[in-house]
Amino acid sequence: MQLHFYNSLTRKQEPFTPLDAKRVRFYTCGPTVYNFAHIGNFRAYVFEDILRRTLKFAGYDVCQVMNLTDVDDKTIRGARENHVSLNAYTQPYKDAFFEDLKTLHIESAEFYPAATDPKYIQKMIALVETLIAKGLAYKSDDGSVYFKVAAFPNYGKLSRLDRSTLRSGVRINNDEYEKEGVGDFAVWKAWDPADGDVVWDAPFGRGRPGWHLECSAMGMDLLGETFDLHTGGIDNLFPHHENEIAQAEGATGKPFVHTWMHCAHLRVGGEKMSKSLGNFYTLRDLLAKGCTGREIRYVLLQGQYRQPLNFTFSGLDDARKAFERIDGFVARLNSCHAAQQPAPFAGTFLAQFSDAMADDLNLPEAFAALFGLIREGNAALDKNEPVGGVMEALQSIDRVLGVIFWNNAKSDAEIPADIQQLLNNRAQARAEKRWADSDTLRDKLRDSGWDVRDSKDGQTLKRIPR
RNA sequence: GGUGCGAUGGCCGAGUGGCUAGGCAGAGGUCUGCAAAACCUCGUACAGCGGUUCGAACCCGCUUCGCACCUCCA
């Protein structure tokens, strides 16, 4: 299975080959833990989960790093406003983030380094020292250390932005007079009284790391000076990822990352969902409205990752309906106990699925393969033709999608005694062809929140979702 | 102003030169005590205007509209 990914660095789709034959090392920009993440943020994390699962599906071992930014202006401000320590402020949001990942069936990364971890602070300090020693960073009058963009000729190779043609009037920065160049960015921020006790000692002065520095230092420490993949939201392409490259390649003289992949935004009402616009839903908002993590994951999986995806509530309704189809098919398959001859179409749709994922994670095409498999599978069951291998194909597909086999049987398993009694009565009525009684009992069950359907094999009971 | 992306049927959303995308909704049919499910059939979709071509949703140009980044942001 030869994977192809679009590389933001070359702006082309390329065959993907990891630096190690068997193992893919990749870095994903994680959350800043100053608040609950919204589902726009989770589009990126779900995309990265699909990437991770596709790499494993293709037979690679994966070593994924997702950082937690737990020190920056927003986290410090939040801690101060709430009169708690930085750690006390960020910890609940870290916990919430991991809960949310579980809710969305996002597989765990191998490493979740936190920026305030003393081990990584030391790595960051070492990186700054290297940059200073190489003349790529300088200390300004206020004690902060800036990266000297003019000293790094490759600056701009990812974003292809020319710093000299910036729109006039846009860039107004209070600290600008501290910097030698207008595009220079802080790698180390000097302590400010507002920072309180959030401060570390460094040879070049007390302060805290710049945001971009964290990812360069932690990425190289955990994955090596050069690694395979680096992902994030498209809005991180500039300046964050450009700056990461400058810091890392400036320090090592080696290529930092081979392939950069960027996820387009989740939109609401045609605009980017973001905290600054106030048009966002957190995962918790949607769960409180009665949505499930499964529906939300499905919705986030609907587009190709490089295209913006429009979030709507009718999309969630569509997801619910699609699950009836998927779950109904899985239930039908499960009720076929007899050993089955192989179904010829199972391999066809699995191959279509595999090709789609290998083609820069073409999820819409991958879902078309899934639904094709379901359609042909249902048709085969209708005609009593063999469906051998179909369940196995579904399981393979779900290793990547993570949305078919959802452990949601629990609520349906516990049927209250009174409901079971109604069900038994109805079975009796049907056996005696008392259709009016059967229909009355069906209505009764529905009023109690249970949906009953009849098939050749008997009654099927399902709790009606709120 | 610079750098990119986009406009597809009622909605969402693939496709990038000839061949069914898919999901949801809708219409007709098969099956069924009914209902549901399932399966089959259907809608003559490609922003506009030119151009290239035997042939364009797909390539080229222009126009209109939209979005993102250039500032913390997935």
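We name chains A, B, ... by the order of the sequence lines, and we start the count at 1 in each one.
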A/F185 pairs by ring-ring contact (aromatic ring centres under 6.0 Å, His included) with which of A/F147, A/Y146, A/F152?
A/F147
Name the nucleic acid region contacted by [X], choosing base, sugar-phosphate or nothing; use a 4.0 angstrom heavy-atom cut-off, strictly under.
{"X": "A/K74", "result": "base"}
{"X": "A/Y45", "result": "sugar-phosphate"}
{"X": "A/G40", "result": "base"}

Roughly how many Å is it from [atom1] in [X] to [atom2] in [N], rounded to a whole number?
{"X": "A/K157", "N": "B/rC70", "atom1": "NZ", "atom2": "P", "result": "21 Å"}
{"X": "A/R375", "N": "B/rU20", "atom1": "CZ", "atom2": "P", "result": "13 Å"}
{"X": "A/L445", "N": "B/rA36", "atom1": "CG", "atom2": "P", "result": "17 Å"}
{"X": "A/H262", "N": "B/rC70", "atom1": "NE2", "atom2": "P", "result": "13 Å"}
{"X": "A/N384", "N": "B/rC39", "atom1": "CG", "atom2": "P", "result": "15 Å"}
{"X": "A/L373", "N": "B/rA38", "atom1": "CG", "atom2": "P", "result": "15 Å"}
{"X": "A/E376", "N": "B/rA38", "atom1": "CD", "atom2": "C1'", "result": "13 Å"}
{"X": "A/L316", "N": "B/rC24", "atom1": "CG", "atom2": "C1'", "result": "13 Å"}

Output a table of donor-acceptor pairs, distance under 3.5 Å, between side-chain atoms of residues 348-357 of chain A and any protein atom two or more places apart or on a different chain; print 'none' if there are none.
| unit_1 | atom_1 | unit_2 | atom_2 | d |
| --- | --- | --- | --- | --- |
| A/T348 | OG1 | A/P344 | O | 3.4 |
| A/Q352 | NE2 | A/E365 | OE2 | 2.9 |

Say you pick atom [atom1] in [N] and the same atom in [M]; how far apart are they, in whole Å?
{"N": "B/rC12", "M": "B/rG4", "atom1": "C1'", "result": "24 Å"}
{"N": "B/rC11", "M": "B/rC46", "atom1": "C1'", "result": "16 Å"}
{"N": "B/rG17", "M": "B/rU52", "atom1": "C1'", "result": "11 Å"}
{"N": "B/rG29", "M": "B/rG23", "atom1": "C1'", "result": "22 Å"}
{"N": "B/rG66", "M": "B/rU8", "atom1": "P", "result": "14 Å"}
{"N": "B/rG28", "M": "B/rG43", "atom1": "C1'", "result": "12 Å"}
{"N": "B/rA27", "M": "B/rU44", "atom1": "C1'", "result": "15 Å"}
{"N": "B/rU3", "M": "B/rC62", "atom1": "P", "result": "14 Å"}

If the cut-off is 4.0 Å, is [X] near the phosphate of [N], judged by side-chain N/O to OP1 or OP2?
{"X": "A/N236", "N": "B/rA74", "result": "no"}
{"X": "A/K272", "N": "B/rA74", "result": "no"}
{"X": "A/R320", "N": "B/rA25", "result": "no"}
{"X": "A/N378", "N": "B/rA38", "result": "no"}
{"X": "A/K321", "N": "B/rA25", "result": "yes"}

For [X], give me all partners under side chain to side chain donor-acceptor pair (under 3.5 Å), at least two apart in sequence or on another chain.
{"X": "A/D72", "value": "A/T75"}
{"X": "A/K157", "value": "A/E249"}
{"X": "A/E271", "value": "none"}

For [X], which residues count as a side chain to side chain contact (heavy atoms under 4.5 Å, CB included) partner, sequence neighbours excluded?
{"X": "A/V390", "result": "A/F329, A/L333, A/A343, A/F345, A/A346, A/L373, A/V387"}
{"X": "A/K272", "result": "A/D235, A/H265, A/S274"}
{"X": "A/D382", "result": "A/R332"}

Mind telling me whether A/H240 and A/H212 have parallel, tilted or perpendicular rings, with 30° and 60° as the class edges?
tilted
Return the nearest nucleotide to the side chain of A/F371; candidates are B/rC39, B/rA37, B/rG22.
B/rG22
Which one, B/rA74, B/rA21, B/rA68, comes nearest to the side chain of A/A44?
B/rA74
Want to settle it: does A/H265 or A/D451 sit nearer the 5' end of RNA chain B, counting the closest nucleotide to each?
A/D451
Ring pair (Phe, Tyr, Trp, His ring centres under 6.0 Å) with A/Y281: which residues, sequence neighbours excluded?
A/F311, A/F313
Partner residues of A/Y298 under the ring pair (Phe, Tyr, Trp, His ring centres under 6.0 Å) criterion, sequence neighbours left out:
A/F323, A/F367
Check whether the ring centres of A/F36 and A/F280 lie less than 6.0 Å apart, and answer yes or no.
no
Summarise protein proximity over nucleotides 3-19 of chain B in one line of letters, 5' to 3': B for base, S for sugar-phosphate only, - for none, counting protein heavy atoms closer than 4.0 Å.
SSSS------SSS----
Between CG on residue A/D100 and CG on residue A/L283, distance to nearest 0.5 Å
4.5 Å
Let me check I have this right: for RNA chain B, each base becomes ., (, ), [, ] or |, based on Watson-Crick or G-U pairs with both distances under 3.5 Å. What is the full string?
(((((((..(((.....[...))).(((((.......)))))....(((((..]....))))))))))))....
Taking N or O atoms only and anything under 3.5 Å, show me the protein contacts with nucleotides 29-33 of chain B, one pair per line.
| unit_1 | atom_1 | unit_2 | atom_2 | d |
| --- | --- | --- | --- | --- |
| B/rG33 | O6 | A/R430 | NH1 | 2.4 |
| B/rG33 | N1 | A/D439 | OD1 | 3.0 |
| B/rG33 | N2 | A/D439 | OD2 | 2.7 |

With a cut-off of 6.0 Å (strictly less than), are more than 12 heavy atoms of other residues, nucleotides or ligands near NZ of A/K94?
yes
